[in-house]
Amino acid sequence: MVKVLVAGFKGRMGNTTVQMVLEHEDFELVGVFDPCAKEKNLNENAEYKDTDVPVYVSREEIKTDAEVWIDFTAPSAVFENAKFALENHISPVIGTTGMSDDQVAELQALAKKEHVGGLIAPNFGISAVLLMQFAKKAAEYLPDVEIIEMHHDNKLDAPSGTAINTAKMIAEVRKAHKQGNPDEKETLAGARGADYEGMRIHAVRLPGYVAHEQVLFGGKGEALTIRQDSFDRISFMSGVAVATEKIRNYDELMIGLENLL
Ligand SMILES: NC(=O)C1=CN([C@@H]2O[C@H](COP(=O)(O)OP(=O)(O)OC[C@H]3O[C@@H](n4cnc5c(N)ncnc54)[C@H](O)[C@@H]3O)[C@@H](O)[C@H]2O)C=CC1
Ligand SMILES: O=C(O)C1=N[C@H](C(=O)O)C[C@H](O)C1
(Lines give C-alpha, C1' and ligand atoms only; values in the text may rest on other atoms or scores of the structure.)
(Ligands and ions follow the chains in the order given, each with its own letter.)
Protein backbone atom coordinates (compact mmCIF):
# COMPACT_ATOMS: atom_id res chain seq x y z
CA MET A 1 0.00 0.00 0.00
CA VAL A 2 1.23 3.50 -0.83
CA LYS A 3 0.64 5.91 2.05
CA VAL A 4 -0.71 9.19 0.67
CA LEU A 5 -1.26 12.73 1.98
CA VAL A 6 -3.45 15.08 -0.07
CA ALA A 7 -2.71 18.83 0.16
CA GLY A 8 -5.54 21.17 -0.84
CA PHE A 9 -8.21 18.59 -0.03
CA LYS A 10 -10.98 21.19 0.40
CA GLY A 11 -10.54 22.36 -3.20
CA ARG A 12 -11.98 21.12 -6.48
CA MET A 13 -9.04 18.89 -7.42
CA GLY A 14 -8.11 17.96 -3.84
CA ASN A 15 -11.58 16.61 -3.11
CA THR A 16 -11.63 14.58 -6.35
CA THR A 17 -8.19 13.22 -5.43
CA VAL A 18 -9.30 12.17 -1.93
CA GLN A 19 -12.11 10.14 -3.50
CA MET A 20 -9.70 8.50 -5.97
CA VAL A 21 -7.21 7.61 -3.22
CA LEU A 22 -9.93 6.13 -0.99
CA GLU A 23 -11.28 4.02 -3.86
CA HIS A 24 -7.84 2.77 -5.01
CA GLU A 25 -7.00 -0.65 -3.59
CA ASP A 26 -3.24 0.06 -3.49
CA PHE A 27 -3.42 3.44 -1.74
CA GLU A 28 -3.94 4.35 1.91
CA LEU A 29 -4.95 7.91 2.78
CA VAL A 30 -2.95 8.84 5.90
CA GLY A 31 -3.53 12.60 6.04
CA VAL A 32 -5.18 15.59 4.41
CA PHE A 33 -4.00 19.20 4.54
CA ASP A 34 -5.76 22.49 3.87
CA PRO A 35 -5.56 25.78 5.80
CA CYS A 36 -9.29 26.28 5.03
CA ALA A 37 -10.32 23.15 6.95
CA LYS A 38 -12.35 23.55 10.15
CA GLU A 39 -12.54 19.85 11.05
CA LYS A 40 -9.87 17.79 12.86
CA ASN A 41 -10.68 14.51 11.14
CA LEU A 42 -12.06 13.68 7.70
CA ASN A 43 -14.78 11.60 9.37
CA GLU A 44 -16.47 14.81 10.55
CA ASN A 45 -17.70 15.21 6.96
CA ALA A 46 -20.92 13.27 6.23
CA GLU A 47 -19.53 11.84 2.97
CA TYR A 48 -16.45 10.43 4.76
CA LYS A 49 -18.08 9.44 8.08
CA ASP A 50 -16.29 6.05 8.16
CA THR A 51 -12.88 7.43 7.18
CA ASP A 52 -10.57 8.10 10.13
CA VAL A 53 -7.91 10.39 8.64
CA PRO A 54 -6.22 13.34 10.43
CA VAL A 55 -6.74 16.83 9.04
CA TYR A 56 -3.84 19.30 9.12
CA VAL A 57 -4.25 23.06 8.72
CA SER A 58 -0.57 24.04 8.73
CA ARG A 59 2.66 22.36 7.61
CA GLU A 60 4.13 22.81 11.10
CA GLU A 61 1.63 20.38 12.65
CA ILE A 62 2.12 17.63 10.06
CA LYS A 63 3.48 14.45 11.67
CA THR A 64 3.05 11.72 9.10
CA ASP A 65 4.41 8.50 7.68
CA ALA A 66 3.11 9.47 4.21
CA GLU A 67 5.23 8.30 1.29
CA VAL A 68 3.56 10.43 -1.40
CA TRP A 69 2.38 14.06 -1.13
CA ILE A 70 -0.24 14.91 -3.74
CA ASP A 71 -0.50 18.69 -4.15
CA PHE A 72 -3.44 20.54 -5.67
CA THR A 73 -3.21 23.83 -3.80
CA ALA A 74 -2.39 27.32 -5.06
CA PRO A 75 0.47 29.03 -6.91
CA SER A 76 1.35 30.89 -3.68
CA ALA A 77 1.55 27.66 -1.63
CA VAL A 78 3.00 24.95 -3.83
CA PHE A 79 6.70 25.82 -3.62
CA GLU A 80 6.86 25.69 0.21
CA ASN A 81 4.70 22.54 0.23
CA ALA A 82 6.96 20.75 -2.24
CA LYS A 83 10.06 21.83 -0.30
CA PHE A 84 8.52 20.49 2.92
CA ALA A 85 7.70 17.16 1.26
CA LEU A 86 11.20 16.72 -0.19
CA GLU A 87 12.91 17.67 3.08
CA ASN A 88 10.78 15.06 4.86
CA HIS A 89 11.48 12.41 2.21
CA ILE A 90 7.90 12.33 1.00
CA SER A 91 7.68 12.06 -2.80
CA PRO A 92 5.77 15.05 -4.16
CA VAL A 93 3.25 14.53 -6.97
CA ILE A 94 2.49 18.11 -7.91
CA GLY A 95 -0.44 19.19 -10.03
CA THR A 96 -0.51 22.78 -8.80
CA THR A 97 0.55 25.23 -11.50
CA GLY A 98 2.09 28.69 -11.35
CA MET A 99 5.63 28.05 -10.06
CA SER A 100 8.48 30.05 -11.60
CA ASP A 101 11.32 28.35 -13.49
CA ASP A 102 13.67 29.34 -10.64
CA GLN A 103 11.43 27.67 -8.05
CA VAL A 104 11.25 24.49 -10.11
CA ALA A 105 15.05 24.45 -10.51
CA GLU A 106 15.49 24.89 -6.74
CA LEU A 107 13.15 21.97 -6.04
CA GLN A 108 14.96 19.79 -8.57
CA ALA A 109 18.27 20.50 -6.86
CA LEU A 110 16.73 19.68 -3.48
CA ALA A 111 15.27 16.39 -4.77
CA LYS A 112 18.70 15.42 -6.10
CA LYS A 113 20.36 16.28 -2.79
CA GLU A 114 17.76 14.31 -0.80
CA HIS A 115 17.57 11.43 -3.35
CA VAL A 116 13.77 11.73 -3.44
CA GLY A 117 11.66 11.10 -6.54
CA GLY A 118 8.94 13.56 -7.47
CA LEU A 119 6.80 14.75 -10.34
CA ILE A 120 5.48 18.10 -11.44
CA ALA A 121 2.78 17.50 -14.05
CA PRO A 122 1.29 20.61 -15.66
CA ASN A 123 -1.55 18.35 -16.75
CA PHE A 124 -2.46 14.80 -15.62
CA GLY A 125 -5.01 14.28 -18.40
CA ILE A 126 -3.91 11.89 -21.14
CA SER A 127 -5.61 14.03 -23.81
CA ALA A 128 -3.48 17.02 -22.75
CA VAL A 129 -0.27 14.96 -22.57
CA LEU A 130 -0.93 13.73 -26.13
CA LEU A 131 -1.85 17.22 -27.34
CA MET A 132 1.51 18.56 -26.13
CA GLN A 133 3.40 15.77 -27.88
CA PHE A 134 1.41 16.12 -31.13
CA ALA A 135 1.92 19.89 -31.04
CA LYS A 136 5.68 19.50 -30.66
CA LYS A 137 5.72 17.15 -33.67
CA ALA A 138 3.55 19.49 -35.78
CA ALA A 139 5.77 22.49 -34.99
CA GLU A 140 8.68 20.78 -36.77
CA TYR A 141 6.75 21.36 -40.00
CA LEU A 142 4.47 24.29 -39.11
CA PRO A 143 6.49 26.75 -36.99
CA ASP A 144 3.86 29.52 -36.86
CA VAL A 145 1.65 28.71 -33.90
CA GLU A 146 -0.71 30.27 -31.40
CA ILE A 147 -2.16 28.69 -28.26
CA ILE A 148 -5.62 29.29 -26.83
CA GLU A 149 -6.35 27.87 -23.39
CA MET A 150 -9.85 28.00 -21.88
CA HIS A 151 -10.65 27.48 -18.21
CA HIS A 152 -13.28 27.98 -15.51
CA ASP A 153 -13.35 31.51 -14.11
CA ASN A 154 -12.01 30.57 -10.64
CA LYS A 155 -8.55 29.82 -12.01
CA LEU A 156 -5.82 31.95 -10.38
CA ASP A 157 -2.92 31.69 -12.85
CA ALA A 158 -2.76 32.74 -16.50
CA PRO A 159 -1.67 31.44 -18.84
CA SER A 160 -2.32 27.89 -17.66
CA GLY A 161 0.57 25.59 -16.75
CA THR A 162 -0.40 23.38 -19.68
CA ALA A 163 -0.22 26.27 -22.15
CA ILE A 164 3.21 27.33 -20.88
CA ASN A 165 4.44 23.75 -21.03
CA THR A 166 3.05 23.37 -24.56
CA ALA A 167 4.95 26.48 -25.62
CA LYS A 168 8.14 25.21 -23.95
CA MET A 169 7.90 21.86 -25.73
CA ILE A 170 7.26 23.54 -29.08
CA ALA A 171 10.22 25.87 -28.44
CA GLU A 172 12.49 22.80 -28.28
CA VAL A 173 11.93 22.25 -32.03
CA ARG A 174 11.01 25.77 -33.24
CA LYS A 175 13.40 28.67 -33.73
CA ALA A 176 12.17 31.73 -31.80
CA HIS A 177 10.66 34.25 -34.19
CA LYS A 178 8.12 37.04 -34.17
CA GLN A 179 4.80 36.12 -35.77
CA GLY A 180 2.24 38.33 -37.48
CA ASN A 181 2.92 41.60 -39.25
CA PRO A 182 6.25 43.13 -38.13
CA ASP A 183 4.46 46.50 -38.05
CA GLU A 184 1.38 45.32 -36.12
CA LYS A 185 0.16 47.53 -33.27
CA GLU A 186 -2.25 46.68 -30.46
CA THR A 187 -5.01 49.28 -30.38
CA LEU A 188 -6.26 47.58 -27.20
CA ALA A 189 -3.48 46.36 -24.84
CA GLY A 190 -3.19 42.57 -24.69
CA ALA A 191 -5.07 41.95 -27.94
CA ARG A 192 -2.29 39.76 -29.30
CA GLY A 193 -1.94 37.73 -26.06
CA ALA A 194 1.16 36.75 -24.09
CA ASP A 195 4.44 36.25 -25.95
CA TYR A 196 6.58 33.13 -25.49
CA GLU A 197 9.49 33.26 -27.93
CA GLY A 198 7.16 34.84 -30.49
CA MET A 199 4.33 32.33 -29.93
CA ARG A 200 1.14 34.02 -28.76
CA ILE A 201 -0.82 32.52 -25.85
CA HIS A 202 -4.43 33.54 -25.18
CA ALA A 203 -6.21 32.75 -21.91
CA VAL A 204 -10.02 32.51 -21.80
CA ARG A 205 -11.85 32.40 -18.42
CA LEU A 206 -15.56 31.59 -18.46
CA PRO A 207 -18.11 29.95 -16.15
CA GLY A 208 -19.09 26.48 -17.33
CA TYR A 209 -15.65 25.62 -18.70
CA VAL A 210 -13.34 23.11 -16.93
CA ALA A 211 -10.00 22.89 -18.81
CA HIS A 212 -9.47 23.05 -22.59
CA GLU A 213 -6.66 23.89 -24.99
CA GLN A 214 -6.28 24.50 -28.70
CA VAL A 215 -3.00 24.77 -30.55
CA LEU A 216 -3.37 26.45 -33.94
CA PHE A 217 -0.78 26.10 -36.69
CA GLY A 218 -0.83 28.08 -39.92
CA GLY A 219 1.15 27.37 -43.07
CA LYS A 220 0.96 28.44 -46.72
CA GLY A 221 -2.65 27.82 -47.76
CA GLU A 222 -3.35 25.40 -44.87
CA ALA A 223 -3.93 25.19 -41.13
CA LEU A 224 -3.95 22.57 -38.40
CA THR A 225 -5.80 22.77 -35.09
CA ILE A 226 -5.15 20.35 -32.21
CA ARG A 227 -7.64 20.47 -29.37
CA GLN A 228 -8.21 18.69 -26.08
CA ASP A 229 -11.00 19.02 -23.53
CA SER A 230 -11.26 18.03 -19.89
CA PHE A 231 -15.02 18.10 -19.27
CA ASP A 232 -14.69 16.66 -15.75
CA ARG A 233 -11.89 16.60 -13.13
CA ILE A 234 -12.10 12.81 -13.18
CA SER A 235 -10.05 13.14 -16.41
CA PHE A 236 -6.96 13.91 -14.32
CA MET A 237 -7.29 11.01 -11.89
CA SER A 238 -5.78 8.10 -13.84
CA GLY A 239 -2.65 10.22 -14.34
CA VAL A 240 -2.48 11.10 -10.65
CA ALA A 241 -2.88 7.41 -9.77
CA VAL A 242 -0.08 6.33 -12.13
CA ALA A 243 2.26 8.94 -10.64
CA THR A 244 1.36 7.94 -7.08
CA GLU A 245 2.05 4.28 -7.86
CA LYS A 246 5.39 4.82 -9.60
CA ILE A 247 7.05 7.90 -8.17
CA ARG A 248 8.94 6.20 -5.35
CA ASN A 249 10.95 4.25 -7.95
CA TYR A 250 12.74 7.48 -8.94
CA ASP A 251 15.28 9.74 -7.23
CA GLU A 252 14.81 12.98 -9.15
CA LEU A 253 12.08 15.57 -9.64
CA MET A 254 10.70 15.21 -13.17
CA ILE A 255 8.46 17.48 -15.24
CA GLY A 256 5.59 15.95 -17.18
CA LEU A 257 3.51 12.82 -16.76
CA GLU A 258 5.00 11.38 -19.98
CA ASN A 259 8.14 10.54 -17.96
CA LEU A 260 6.14 7.86 -16.12
CA LEU A 261 4.00 6.47 -18.94
N1 LIG B 1 -1.90 19.28 -13.20
C2 LIG B 1 -3.19 19.08 -13.44
O3 LIG B 1 -3.59 18.13 -14.13
C4 LIG B 1 -4.20 20.01 -12.84
C5 LIG B 1 -3.77 21.06 -12.10
N6 LIG B 1 -4.65 21.90 -11.51
C7 LIG B 1 -4.08 22.93 -10.65
O8 LIG B 1 -4.28 22.54 -9.30
C9 LIG B 1 -4.38 23.71 -8.48
C10 LIG B 1 -5.65 23.63 -7.64
O11 LIG B 1 -6.77 23.73 -8.48
P12 LIG B 1 -8.24 23.69 -7.88
O13 LIG B 1 -8.47 22.45 -7.11
O14 LIG B 1 -9.14 24.02 -9.01
O15 LIG B 1 -8.18 24.94 -6.86
P16 LIG B 1 -9.12 25.22 -5.59
O17 LIG B 1 -9.00 26.69 -5.35
O18 LIG B 1 -10.46 24.62 -5.78
O19 LIG B 1 -8.40 24.42 -4.40
C20 LIG B 1 -7.17 24.78 -3.84
C21 LIG B 1 -7.20 24.40 -2.37
O22 LIG B 1 -5.88 24.56 -1.86
C23 LIG B 1 -5.99 25.07 -0.55
N24 LIG B 1 -4.72 25.65 -0.13
C25 LIG B 1 -4.29 26.92 -0.25
N26 LIG B 1 -3.06 27.04 0.29
C27 LIG B 1 -2.71 25.81 0.75
C28 LIG B 1 -1.56 25.28 1.40
N29 LIG B 1 -0.51 26.06 1.74
N30 LIG B 1 -1.54 23.96 1.68
C31 LIG B 1 -2.59 23.18 1.42
N32 LIG B 1 -3.72 23.61 0.82
C33 LIG B 1 -3.76 24.93 0.49
C34 LIG B 1 -7.15 26.06 -0.61
O35 LIG B 1 -7.68 26.32 0.67
C36 LIG B 1 -8.12 25.29 -1.52
O37 LIG B 1 -8.99 24.48 -0.75
C38 LIG B 1 -4.30 24.90 -9.43
O39 LIG B 1 -2.98 25.38 -9.49
C40 LIG B 1 -4.67 24.31 -10.80
O41 LIG B 1 -4.10 25.01 -11.86
C42 LIG B 1 -5.99 21.75 -11.66
C43 LIG B 1 -6.49 20.72 -12.40
C44 LIG B 1 -5.63 19.76 -13.05
O1 LIG C 1 -6.75 25.23 -12.99
C2 LIG C 1 -7.16 24.24 -13.64
O3 LIG C 1 -8.35 23.87 -13.62
C4 LIG C 1 -6.18 23.49 -14.44
N5 LIG C 1 -4.93 23.79 -14.31
C6 LIG C 1 -3.85 23.17 -14.98
C7 LIG C 1 -3.14 24.18 -15.85
O8 LIG C 1 -2.94 25.32 -15.40
O9 LIG C 1 -2.77 23.84 -16.97
C10 LIG C 1 -4.25 21.89 -15.69
C11 LIG C 1 -5.60 21.93 -16.31
O12 LIG C 1 -5.56 22.79 -17.39
C13 LIG C 1 -6.64 22.38 -15.29
Side-chain angles (χ1 to χ4, degrees), residues 5-20 31-39 45 55-62 64 66 69-85 92-100 103 118-132 147-169 194 201 203-215 227-244 254-258 260:
L5 183 146
V6 176
F9 81 100
K10 298 298 273 184
R12 289 174 287 268
M13 282 299 290
N15 185 45
T16 311
T17 304
V18 163
Q19 290 169 26
M20 181 279 287
V32 288
F33 169 36
D34 200 310
C36 281
K38 299 274 178 285
E39 64 274 41
N45 296 288
V55 171
Y56 304 104
V57 292
S58 73
R59 278 187 299 272
E60 291 67 35
E61 67 182 31
I62 296 178
T64 182
W69 174 295
I70 303 179
D71 200 288
F72 285 108
T73 60
S76 57
V78 56
F79 174 71
E80 290 301 333
N81 281 355
K83 208 166 147 189
F84 176 91
V93 168
I94 309 282
T96 314
T97 48
M99 269 196 280
S100 68
Q103 287 177 320
L119 180 74
I120 299 173
N123 201 308
F124 282 103
I126 192 67
S127 61
V129 171
L130 291 171
L131 167 138
M132 288 185 264
I147 298 169
I148 307 173
E149 55 94 335
M150 295 148 276
H151 282 82
H152 58 93
D153 59 352
N154 286 308
K155 186 163 176 60
L156 291 172
D157 53 321
S160 70
T162 311
I164 295 172
N165 204 58
T166 307
K168 283 182 176 168
M169 285 175 68
I201 307 179
V204 175
R205 297 290 176 266
L206 283 172
Y209 280 61
V210 178
H212 320 259
E213 184 170 306
Q214 276 185 194
V215 188
R227 178 174 174 129
Q228 70 78 218
D229 298 275
S230 274
F231 299 112
D232 190 301
R233 290 181 178 83
I234 195 76
S235 61
F236 305 113
M237 288 304 118
S238 53
V240 177
V242 167
T244 304
M254 296 165 291
I255 316 291
L257 182 66
E258 59 276 19
L260 302 186

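Note that ligands are numbered from 1 as they come in the structure, with each ligand's atoms numbered from 1 the same way. Source: prediction; values computed, not measured.
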Within ligand 1, which atoms have a heavy atom of [X] less than 4.0 Å away?
X: Cys36; value: 35 (O)
X: Pro122; value: 1 (N), 2 (C)
X: Ala77; value: 26 (N), 27 (C), 28 (C), 29 (N)
X: Gly8; value: 21 (C), 22 (O), 23 (C), 31 (C), 32 (N)
X: Lys155; value: 41 (O)
X: Asn123; value: 1 (N), 2 (C), 3 (O)

Check each of Leu156, Thr162, Val129, Thr73 against atom 31 (C) of ligand 1 and report the one with the nearest heavy atom.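 Among Leu156, Thr162, Val129, Thr73, the closest heavy atom to atom 31 (C) of ligand 1 belongs to Thr73.
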Atom 23 (C) of ligand 1: which of Ile120, Val240, Val57, Asp34 has the nearest heavy atom?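 Nearest heavy atom to atom 23 (C) of ligand 1 lies in Asp34.
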In terms of relative ring orientation, are Phe33 and Trp69 parallel, tilted or perpendicular, with 30° and 60° separating the classes?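 Answer is perpendicular, since the angle exceeds 60°.
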Within a strict 4.5 Å, meaning less than it, do heavy atoms of the Met99 and Ile120 side chains meet?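 The answer is yes, as the side chains (C-beta and beyond) meet within the 4.5 Å cut-off.
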Could you tell me if the side chain of Met20 sits less than 4.5 Å from the side chain of Thr16, heavy atoms only?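 The answer is no, as the side chains (C-beta and beyond) never meet within the 4.5 Å cut-off.
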Contacts table for ligand 2: protein N or O within a distance under 3.5 Å of ligand N or O, distances only.
| from | atom 1 | to | atom 2 | distance (Å) |
| --- | --- | --- | --- | --- |
| ligand 2 | 1 (O) | Lys155 | NZ | 2.9 |
| ligand 2 | 3 (O) | His152 | NE2 | 2.9 |
| ligand 2 | 5 (N) | Lys155 | NZ | 3.1 |
| ligand 2 | 8 (O) | Thr97 | OG1 | 3.4 |
| ligand 2 | 8 (O) | Lys155 | NZ | 2.7 |
| ligand 2 | 8 (O) | Gly161 | N | 2.8 |
| ligand 2 | 9 (O) | Gly161 | N | 3.3 |
| ligand 2 | 9 (O) | Thr162 | N | 2.8 |
| ligand 2 | 9 (O) | Thr162 | OG1 | 2.5 |
| ligand 2 | 12 (O) | His151 | NE2 | 2.6 |

Considering residues at least two apart in sequence or located in another chain, which fulfil the ring-ring contact (aromatic ring centres under 6.0 Å, His included) criterion with Tyr56?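 For Tyr56 there are no ring-ring contact (aromatic ring centres under 6.0 Å, His included) partners, ignoring immediate neighbours.
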To check your reading of the model: name the closest protein heavy atom to atom 27 (C) of ligand 1, its residue, and the distance in Å.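 For atom 27 (C) of ligand 1, the nearest protein heavy atom is Pro35 CD, 3.5 Å.
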Considering only protein heavy atoms, which is closest to atom 17 (O) of ligand 1, and at what distance to one decimal place?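 Looking only at protein heavy atoms, the one closest to atom 17 (O) of ligand 1 is Arg12 NH2, 3.6 Å.
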So is Ala121 in contact with ligand 1, going by heavy-atom distances below 4.0 Å?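 Contact check Ala121 vs ligand 1: positive.
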